[in-house]
Amino acid sequence: MELLVPCNGNSAPSILNRDSAGGICAYSAGSTPSGRVHPKSLKLLAARGYPTDGLSSPSWDNCAADHAPVQAHWGIPDPAAAIKQDWDVAFQTAFDTLTRKAAALINLPFETIDAAALKSAINGTTDV
């Protein structure tokens, strides 16, 4: 399954959602992409052992056509909007929240779940 994780500027929150497992491949995209990945996102991902080469800030108009029939929007506050002195906490909080939500999604019974139940379950991960 391909999953699109949208974000307005796509410089931080959806970029931080890098976990793909269990037959799920996650993509991130923005409604009004900033055109760059926030340096703090890249630093946090690299520190966690994730590859950062080639990460970009694409528009979801491009990605939605090519990928991801399933979309999840989890309403994570944009850590890049925090004041610079709060970035460490804001970026770590976004990363941790997205990690929990991705884990809940990965644990869904994809082999047996129908489309309506899948959409409901994805939306249900908003409170994870």
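One-based numbering along the sequence shown.
In this structure, His38 and Trp87 have side chains that are in contact, with non-hydrogen atoms separated by less than 4.5 Å. The closest side-chain heavy-atom distance from Leu45 to Phe95 is below 4.5 Å.
By the criterion of side-chain heavy atoms lying less than 4.5 angstrom apart, applied directly or through intervening Ile, Leu, Val, Met, Phe, Trp or Tyr residues, Val89 is not grouped with Phe91; the two fall into different hydrophobic clusters.
When all heavy atoms of Thr52 and Leu42 are compared, the pair lying nearest together is CG2-O, 3.6 Å.
The OG1 atom of Thr93 sits 10.0 Å away from the CG atom of Asp86 when rounded to the nearest 0.5 Å.
The closest side-chain donor-acceptor pair between Gln92 and Asp88, if any, does not fall under 3.5 angstrom.
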